[in-house]
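One structure below.
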Protein chains: 2
Amino acid sequence: MKATMKDVAALAEVGVGTVSRVINGVKVKDKTYEKVMRAIEELDYKPDEYARGLKTNRSNTIALILPTIWHPFFAEFAYHIEERLSRKGYRLFLCNADGSAEKENEYIEMVKQSKVDGIIGITYSDIDKYISSDLPFVSIDRHFSEQISYVTADNYLGGQIAAQELIDRGCRNLCYIGGVSPFPNETNNRKAGYYNVCKENGIPVKVLDMVEPIQELEQQLEPFLKNNPEIDGIFSVNDFMALDVIGVMKKLGRKAPDDYQIIGFDGVKLSKERDYLISTIVQPIEEMARASVDTMMAMILKKEEPKRVVIPVSFYQGETTKEKNR
Amino acid sequence: MKATMKDVAALAEVGVGTVSRVINGVKVKDKTYEKVMRAIEELDYKPDEYARGLKTNRSNTIALILPTIWHPFFAEFAYHIEERLSRKGYRLFLCNADGSAEKENEYIEMVKQSKVDGIIGITYSDIDKYISSDLPFVSIDRHFSEQISYVTADNYLGGQIAAQELIDRGCRNLCYIGGVSPFPNETNNRKAGYYNVCKENGIPVKVLDMVEPIQELEQQLEPFLKNNPEIDGIFSVNDFMALDVIGVMKKLGRKAPDDYQIIGFDGVKLSKERDYLISTIVQPIEEMARASVDTMMAMILKKEEPKRVVIPVSFYQGETTKEKNR
DNA sequence: GTGAAAGCGCTAACAA
DNA sequence: TTGTTAGCGCTTTCAC
């Protein structure tokens, strides 16, 4: 039988209010504290979070809504979020929206009645309408309105860096390969930053923008790459896309970094111990997770206003670009 | 202001008990049902899970304890677990134990007072001592005692298949590359199955077993591979290890599948859409997740006895083994 | 500094 | 079939 606060109070010969005070770190007489702690120990008492939550309307739980945990970028993000939350005594609800706006909203609804203290979300649909303003919400990589906090990597800067690094390595015919989503998102900024630096340097830049969700990727990629053999530098919207491009190029008998150079985006790693897969613009995922949790905590604990956090990115020299000449 | 059951009862002009019945699907008069539903709609009423949990001692929440979500195998597993649980109206607590027995136990403790309905765990320490027998627990890939359910892939079979496939492809000097953990686990069976098939066929088999946690992997791998140049077939304990072996072999100027052949284990994919990385023994992760959730549900809902589930594995022909001659 | 008591929103037993 | 009511285990006034 699980011990309750009443049992503890009885054994320690105090009132339940006093036990509650001890649990919550409210000052009591040293002697009383001792007695209560001994009783807690003896009975292996653990406060019931549900009874507590019913009273206080707090749950020490954050919901994390992701497109899918089955992707190294989101998995790493979730890893860091969990790590920081657990350090602060918070639990994590994991929610895979699975690319469906419907499931995103279902989760929002579910999570509301689950009494979570806040939501951290990488979401693609128009979620802001469903967020009540009193539930702290931190959006990753997506800017809604002034009412909603967001944390994002500096995508525009990333595009700029990618262009500059390719140019510095001798590329003179650049291209961008990405997708267009029905929902506005930050990846457009990657393209814009890239494009502008190309223009400033008078470098021609071709663009392949595929409509998402992307069907028959290879059938779109192959003719584009075949018809534009002059391309010697590629920036792709993310690392996975870059892997696909590399695969198609291999079929065409071209190999990076000798025959062309390519830079991805994200800085995906298969696990903590493994390295980046290719040359890429690295998003500092751990920092983003830290910023998200800090922002969340500020909103929950100090009732602070929503914040906007933009975090710089950096270039990682992998095996798909040449060493830079100095 | 959030609506409570009392508000709904008042608006519908019924008692709270009736509202509760409607919510819980207990039969009431059609007319009454209508009235209550209209009031629920009108007030946008959502039952408070905490009040409900306090009363019923159920939470509709399962804890998933993993070494780390930041690994494609665990991420895929978590993905499928979440998917199936959410379909059944359950929520998922994500817990990264991070390779520490301490953190595993902390989570067990935390989760107990969080009133989860059950725990699904891929754990490495001696967790069984801390599991009270009344909390449903499903262990993945690890067999504790008769009191505890487990779901595992058929690791022994996987080892056998790996040996047979290598032999069928003309390999005559095999080796196994893996690690030894201080905690007993199922990977030993992979090795045993492999080893036995080699013996039965009179094929010599070298073994490199590194002590976990593995330090300076390359410094152990390189001399072993260099000193045993006759090796033409390798089975490694998992896909990541295989990638490391492939990396070192590349340095030594040897390439799969022409210079040697290698088979991994796990069937890791970077994401749902992407393919397996190498030739490998595929664990049917989705099936394992399904079996785990089904077992959990049977224990929670029907109070069934613990179960033992072993699921077959299969070979995937990737680019690190030759086509089989027929 | 501490105990007594009200009540958070719900379920389930009981009575009608 | 339905309404009334007693708590689930805790926090938090309010007196003392």
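Just so you know, these numbers come straight off a predicted model, no measurement behind them. Just so we're on the same page: letters track the sequence lines, and every chain starts at 1.
Note on A/N57: nothing from the nucleic acid sits closer than 4.0 angstrom, heavy atoms only. As judged by a 4.0 angstrom heavy-atom cut-off over every strand, A/Y33 is placed among residues making no nucleic acid contact. Using a 4.0 Å heavy-atom criterion, one finds that A/V19 contacts no nucleic acid atom at all.
Heavy atoms only, all atoms of each residue included: B/T4 and B/D7 are closest at N-OD2, 2.8 Å. When all heavy atoms of A/V22 and A/M37 are compared, the pair lying nearest together is CG1-SD, 3.8 Å.
You'll find a donor-acceptor pair under 3.5 Å spanning the side chain of B/K55 and the base of D/dG7, going by distance alone.
In this structure, CG of A/D48 is placed 17 Å from P of C/dG9, rounded to the nearest angstrom. Whole-Å rounding puts the B/K31 NZ to D/dT1 P distance at 16 Å. Rounded to whole Å, the distance from CE on A/M5 to C1' on C/dA6 is 16 Å. Rounded to an integer number of Å, the gap from B/K6 NZ to C/dG7 C1' is 9 Å. Rounded to whole angstrom, the span from the CZ atom of A/R21 across to the P atom of D/dG9 amounts to 20 Å.
Proximity of B/S20 to the phosphate of C/dC10: no side-chain N or O atom is located under 4.0 Å from OP1 or OP2. Contact annotation: B/T32 side-chain N/O to D/dT2 OP1/OP2 distance is under 4.0 Å. For A/Y50 and D/dT11, the shortest distance from a side-chain N or O to OP1 or OP2 is not below 4.0 Å.
Each of B/G17 and B/L54 lies near DNA chain C, and the nucleotide nearest B/L54 is the one positioned closer to the 5' end.
Within the 3.5 Å criterion, the main-chain N or O of B/N96 finds a donor-acceptor partner in the side chain of B/K103.
With C/dC10, C/dA5, D/dT2 as the choices, the nucleotide that has an atom nearest any side-chain atom of B/K29 turns out to be D/dT2.
Residues B/Y79 and B/K272 have side chains that bring a donor and an acceptor to within less than 3.5 angstrom of each other.
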